[in-house]
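Before I ask anything, let me first share the structure, which is written out below as structure tokens.
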Amino acid sequence: MKKYKDQVPSHSIHKIRSLLCELGILPKEHPFENNNFYSCRISIAKDGLNSLDLGANGKGNTPEYSLASGYAEFTERIQNRMQQIRFFSFFILWIVCISCSGSTVNQKPPESGREIVAEELPGLPYHIDLGKSIKQVASEKLSVIAEEISYIPLETSASSLVKRIHEQLFFNHTILVSDFSNLYQFDKQGRFLQKIGKRGMGPTDHQYIQALVSNDDFTLLYVFTAGKMNVYNEKTDFIHSVKMIDPDLYVFSGLALPDDYLWAYLGAHYKLIDDTTTIHSFVKLDRDGNVLEKIPNSSPVLSTFNGMIFNNIPFYRYKDVIRFMDYGNDTLFTLSMEGKPVPYAICPLGSMKRELNTAGFNPQQMEALVSRLLIDTICEDERFLYITLRWGVSEEFQYVLFNKKTGEVKNLGKEGFVNDIDGGIPFFPQFIEKDGSKGMWIPAEDFIEKVEALDIEKYTKQYGDQFKALKQITLKVSPDDNPVLIIIK
């Protein structure tokens with residue numbers, strides 16, 4: 001065996017990809033498949049380097065071999081193009097050398113169905129082939145990630161009619177939920193406590209609720225609304241309002257870090273094709289609402305008109321770091337302490353990716369979008385990434401589980417984990433709280449329908465009192481009631 005081919009292809013892929021990203025060269029992958037023969041196109045995704053017009057093709061009898069071939073050709077193209085710049089050439093040669101050296105693992109095609117193990121992932125970013133995973137649905141038991149499950153129907157009254165969950169936050173043993181217009185507070189059993197603030201133009205009012213954020217010790221609650229940030233204490237008493245002077249600060253969602261600085265997502269995801277201005281996706285604020293730093297959107301969607309359809313973006317805190325994915329991008333980034341986006345996971349959807357430059361909601365456009373996907377949300381714990389994909393602009397979702405330790409990707413279909421704890425409703429995390437508990441919301445009507453569709457005799461026999469308790473909850477909930485919160489631990 002030749003020395004330069006003594007690595008499995010995943011080693012070369014991950015090493016070259018990671019080192020390119022460290023040098024500020026974000027690679028873009030375009031995989032193709034034709035009759036079990038795989039090819040790909042590797043090019044530069046970063047706007048500032050597009051003028052180099054660099055790209056390369058790769059091919060092979062597995063996706064891994066085609067990517068390894070493409071990256072090898074890509075680095076050679078860069079080296080040839082940049083030979084006049086000795087410093088740059090040195091680094092490219094260094095990338096190629098270390099990617100082809102290391103342990104002498106027997107070089108042979110992966111066995112059918114074999115997943116990449118942790119030792120073959122020497123560094124980040126992860127590579128999660130979502131386009132490929134969609135082709136086959138697998139099942140996974142809920143007991144893999146949880147030991148117990150609880151159901152919390154939110155009390156429904158004339159004062160607490162929650163139209164739709166827009167934002168939620170666990171705050172000092174209570175549950176805060178917003179339907180965009182109002183902010184409601186419930187206790188941990190779902191009993192309604194109060195409305196916080198009111199809609200209006202006064203100094204203590206809000207026009208609508210854009211984001212809910214708390215500091216780590218839950219002594220302060222920040223409510224982002226139009227042009228300002230209302231601040232409350234641990235008892236949700238109003239303290240003061242901070243006016244946002246910057247007109248660009250239209251906050252879609254927010255997070256807080258242990259240093260009490262706030263990060264806000266601005267929803268700046270597209271610009272017109274002829275627009276040469278820089279748009280910013282994120283902003284760092286202090287407690288007084290002062291702008292400390294802005295993060296540019298390095299890959300905004302180029303639009304042919306002013307306005308477009310868009311979904312949520314993954315934007316969450318994991319331990320003491322922030323992860324995000326710009327709208328329409330395939331890369332999940334970690335925001336470094338210096339405010340620099342560092343690639344964490346590359347998640348290509350391939351041919352299943354939804355068209356981004358969409359002009360409206362007429363029937364033809366909606367029909368074209370419904371068979372394509374975009375990444376909607378991502379949650380993370382020590383073992384897994386929980387990836388929610390949205391079909392078109394509908395309320396239908398596809399759930400994918402990525403094992404960070406083994407590299408295994410599982411498409412859990414449109415339901416999620418099979419509930420083997422009490423036999424009830426399938427589950428997939430929509431959010432993970434600071435205490436590690438995972439949650440999802442379900443409309444009351446869907447909650448009743450899904451439980452009543454189960455085989456009562458079978459599941460009562462199998463799960464006993466746990467299933468009986470679930471059944472009793474459905475008798476207390478009406479189809480028009482507020483949503484039901486499902487929590488696992």
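Numbers here are sequence positions counted from 1.
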Where does the angle between the aromatic ring planes of Tyr459 and Tyr463 fall among parallel (under 30°), tilted (30 to 60°) and perpendicular (over 60°)?
parallel
What verdict does the side chain to side chain donor-acceptor pair (under 3.5 Å) test give for Tyr386 and Asp381, after you've listed the backbone C-alpha separation in whole Å, the side-chain angles of each residue and the deciding distance to 0.1 Å?
CA-CA 9 Å; Tyr386 305 89; Asp381 60 20; 2.6 Å; yes
List the atom pairs, with distances to 0.1 Å, where a side-chain N or O of residues 464-481 and a protein N or O form a donor-acceptor pair under 3.5 Å, not counting sequence neighbours.
{"residue": "Thr474", "atom": "OG1", "partner": "Lys471", "partner atom": "O", "Å": "2.5"}
{"residue": "Asp481", "atom": "OD2", "partner": "Ser478", "partner atom": "N", "Å": "3.0"}

Could you tell me whether Lys458 atom NZ has more than 12 heavy atoms of other residues or ligands within 6.0 Å of it?
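Counting neighbours around NZ of Lys458, 12 or fewer heavy atoms of other residues, nucleotides or ligands fall under 6.0 Å, so no.
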For Tyr344 and Glu380, test the side chains for any donor-to-acceptor distance below 3.5 angstrom and give the result as yes or no.
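There is such a pair between these side chains.
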Would you say that more than 12 heavy atoms from the other residues, nucleotides or ligands in this model lie under 6.0 Å from the NZ of Lys414, or not?
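Enclosed.
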Between Ser143 and Asp420, do the side chains contain an N or O donor and an N or O acceptor separated by less than 3.5 Å?
yes
Salt bridge check: are Glu433 and Lys438 linked by an N-O gap of less than 4.0 Å?
no
Run the salt-bridge test on Arg164 and Asp179 with the 4.0 Å N-O cut-off and return the result as yes or no.
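Salt bridge: no.
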Judged by modelled atom types alone, do Trp441 and Gln430 share a side-chain donor-acceptor pair under 3.5 Å?
no
If we ignore angles and hydrogens, is there a donor and acceptor under 3.5 Å between the side chains of Asn411 and Gln136?
no
Tell me, yes or no, whether the heavy-atom count around Lys188 atom NZ, taken from other residues, nucleotides or ligands under 6.0 Å, exceeds 12.
yes
Flag for Ser437-Asp435: side-chain donor and acceptor within less than 3.5 Å
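There is such a pair between these side chains.
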Is the ring pair Phe171/Phe218 parallel, tilted or perpendicular, if the boundaries are 30 and 60 degrees?
perpendicular
Is the CD atom of Glu449 crowded by more than 12 outside heavy atoms at less than 6.0 Å?
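Not more than 12 within 6.0 Å, no.
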Proximity of Phe402 and Phe384 rings by center, below 6.0 Å:
no
Whether Phe282 and Phe315 hold their rings parallel, tilted or perpendicular, with breakpoints at 30° and 60°
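Phe282 vs Phe315 ring planes: tilted.
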